[in-house]
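A short write-up of the structure that comes next.
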There are 2 protein chains.
Amino acid sequence: MPTAEREISRFQVFLQQQGLKLTSERSALLREIFETHYHFEADELLFRMKEKNVKISRATIYRTLELLVKSGLVRRVHLGEDHYHYEHVRRDSHHDHLICTTCGAVIEFHDPVLEARQLEICAKKRFTATFHNLQILGVCDACRRKGEQPDAPDRVKMIQVGALNLRK
Amino acid sequence: MPTAEREISRFQVFLQQQGLKLTSERSALLREIFETHYHFEADELLFRMKEKNVKISRATIYRTLELLVKSGLVRRVHLGEDHYHYEHVRRDSHHDHLICTTCGAVIEFHDPVLEARQLEICAKKRFTATFHNLQILGVCDACRRKGEQPDAPDRVKMIQVGALNLRK
DNA sequence: CTGCAATTGAGACTCTGTCTCAACTAGTGC
DNA sequence: GCACTAGTTGAGACAGAGTCTCAATTGCAG
Ligand SMILES: [Mn+2]
Ligand SMILES: [Mn+2]
Ligand SMILES: [Zn+2]
Ligand SMILES: [Zn+2]
């Protein structure tokens, strides 16, 4: 993995087309995003940069992520939480996600049959799709095995009185 | 539409199973949710209740929506915005959404072939799905027609300086 | 090298959603 | 019906994600 230099120049092309500039902050972020891997949150990225002693403000993180999404270098996804996650995009690496509600694991998959069927549905509705987002929530294999052991004892954890938080 | 009384008693059954109570606030909300139709936001519901001079606090709105989601009477969905939307659930009315990024229209669809394929994928990955959420973003038929007219003039609306808000 | 439009950081701000706690009810049992 | 108590409510404080403002700074075209 040649440390993201390819993506930085792709980003620069995009920026120039828009009359924007490539700054040291922007390339530092791009480098971080493409060197590490996986589904990260905006504030997590902020924290990682801080750890590396690269000073970048929160505003710039958000602004740059927005630009990266627009340029197609980064994808913004929902993973069943109430804030966004981001992931870098390598060429033609589209996929969707299975998300384990027990351990939080994220399993990526790509299925051409599924994708094709979605397009058929759009055609039927005369809808021009630009992108989509599919999350399947459930329990992963590892968690299912563990759960099968009659582990009933800790199931009766009623947390707090009142209507909320029925059983964790 | 017999004004949601059926759903209220379904909710009461759920509440009793959990040792919870049916209050006037809860049934008022359920009535509002099942009488009107479509994809609403929590604060929008708060506003509608205020308009009708039914005093219900924001905390109770959120708490009740959480209960309704747990009971299966209401579904919480992402529609490509950065907060949740809710919709009431009639029996076996599962569907997913096409969302027009131009006019905000939401088109519902249900496709057994698509659903079946998702299950196959999960089986292959040994993943036990409990629910899913598919949003297809794009341009609806009406907006596409309008957009085809060479309406270029207002396309060059650069809003604000700087990197953000490239073109609205 | 210069000039200037684009960018940055700090922090205020907005919005969605959660929590706390004292006052208040639903509903069970008498 | 009446009382008791666990569950519920509202007000407002709080939290977290994300946006905006503006003065100071920087990329980069000429
Ligand atoms: Mn992914
Ligand atoms: Mn719907
Ligand atoms: Zn798991
Ligand atoms: Zn539209």
Side-chain angles (χ1 to χ4, degrees), chain A residues 8 11-30 40-47 49-50 54-69 76-86 158-168, chain B residues 8-9 11-30 40-47 49-50 54-70 76-86 158-168:
Chain A
I8 290 175
F11 192 38
Q12 180 151 34
V13 169
F14 168 83
L15 290 172
Q16 280 182 338
Q17 286 170 353
Q18 307 280 341
L20 306 179
K21 293 167 180 172
L22 179 65
T23 65
S24 63
E25 288 82 0
R26 286 176 182 170
S27 46
L29 283 175
L30 208 40
F40 59 92
E41 320 183 354
D43 276 343
E44 180 191 336
L45 181 58
L46 176 63
F47 180 73
M49 299 313 285
K50 214 168 269 169
V54 182
K55 302 280 181 230
I56 300 186
S57 71
R58 220 158 72 92
T60 296
I61 298 270
Y62 279 101
R63 288 189 283 229
T64 303
L65 283 172
E66 189 179 344
L67 277 177
L68 287 171
V69 169
R76 192 167 73 158
V77 293
H78 274 302
L79 296 179
E81 289 182 62
D82 55 5
H83 56 270
Y84 290 112
H85 284 235
Y86 298 84
M158 286 294 228
I159 312 242
Q160 287 208 359
V161 284
L164 286 199
N165 307 336
L166 288 183
R167 49 183 75 253
K168 152 93 150 305
Chain B
I8 289 175
S9 60
F11 191 39
Q12 180 150 37
V13 170
F14 168 83
L15 290 172
Q16 278 182 340
Q17 285 170 352
Q18 308 280 340
L20 307 180
K21 295 168 179 173
L22 179 65
T23 64
S24 62
E25 288 83 358
R26 287 176 182 172
S27 46
L29 282 175
L30 208 41
F40 59 91
E41 320 182 356
D43 275 345
E44 180 190 335
L45 181 58
L46 176 62
F47 180 74
M49 300 314 284
K50 213 166 268 167
V54 182
K55 302 280 181 232
I56 299 186
S57 71
R58 221 159 68 93
T60 296
I61 298 272
Y62 278 101
R63 287 189 283 232
T64 304
L65 282 173
E66 189 180 344
L67 277 177
L68 287 171
V69 169
K70 280 182 178 148
R76 192 167 74 157
V77 293
H78 273 302
L79 295 179
E81 288 182 63
D82 54 5
H83 55 271
Y84 291 112
H85 284 234
Y86 298 84
M158 285 295 230
I159 311 241
Q160 285 207 4
V161 284
L164 287 197
N165 306 335
L166 288 185
R167 46 185 79 251
K168 151 99 150 297

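Scope of the values below: all heavy atoms of this structure, side chains included, with no hydrogens, waters or symmetry mates.
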Just the table, please: protein N/O against nucleotides 10-14 of chain C N/O, every pair under 3.5 Å.
none

Of all residues at least two apart in sequence or in a different chain, which pass the salt bridge (Lys or Arg N to Asp or Glu O under 4.0 Å) check with [X]?
{"X": "A:Asp82", "result": "none"}
{"X": "A:Glu44", "result": "A:Arg48"}
{"X": "A:Arg58", "result": "A:Asp43"}

Would you indicate what B:Asp43 reaches in the nucleic acid, counting non-hydrogen atoms under 4.0 angstrom: base, sugar-phosphate, or nothing? sugar-phosphate
Please round to 10 degrees the angle between the axis of the first five pairs and the axis of the last five pairs in the helix from C:dC1-D:dG30 to C:dC30-D:dG1. 40°
Applying side-chain contact (heavy atoms from CB on, under 4.5 Å), can you list everything that pairs with [X], at least two apart in sequence or on another chain?
{"X": "B:Ser57", "answer": "B:Ala59, B:Thr60"}
{"X": "B:Gln16", "answer": "B:Gln12"}
{"X": "A:Gln17", "answer": "A:Val13"}

Check the phosphate of D:dG18 against A:Tyr62, side-chain N and O only, distance under 4.0 Å to OP1 or OP2. Yes or no? yes
Could you run down the sub-3.5 Å N/O contacts of the protein with nucleotides 27-30 of chain D?
{"unit_1": "D:dG27", "atom_1": "O3'", "unit_2": "A:Leu22", "atom_2": "O", "d": "3.4"}
{"unit_1": "D:dG27", "atom_1": "N2", "unit_2": "A:Lys21", "atom_2": "NZ", "d": "3.0"}
{"unit_1": "D:dG27", "atom_1": "N3", "unit_2": "A:Lys21", "atom_2": "NZ", "d": "3.1"}
{"unit_1": "D:dC28", "atom_1": "OP1", "unit_2": "A:Leu22", "atom_2": "N", "d": "3.1"}

Going by the rule ring pair (Phe, Tyr, Trp, His ring centres under 6.0 Å), which residues pair with A:His78 if we only count those two or more places apart in sequence or in a different chain? A:Tyr84, B:His78
Suppose we screen for side chain to side chain donor-acceptor pair (under 3.5 Å). Which residues come up paired with A:Ser27, at least two apart in sequence or across chains? none
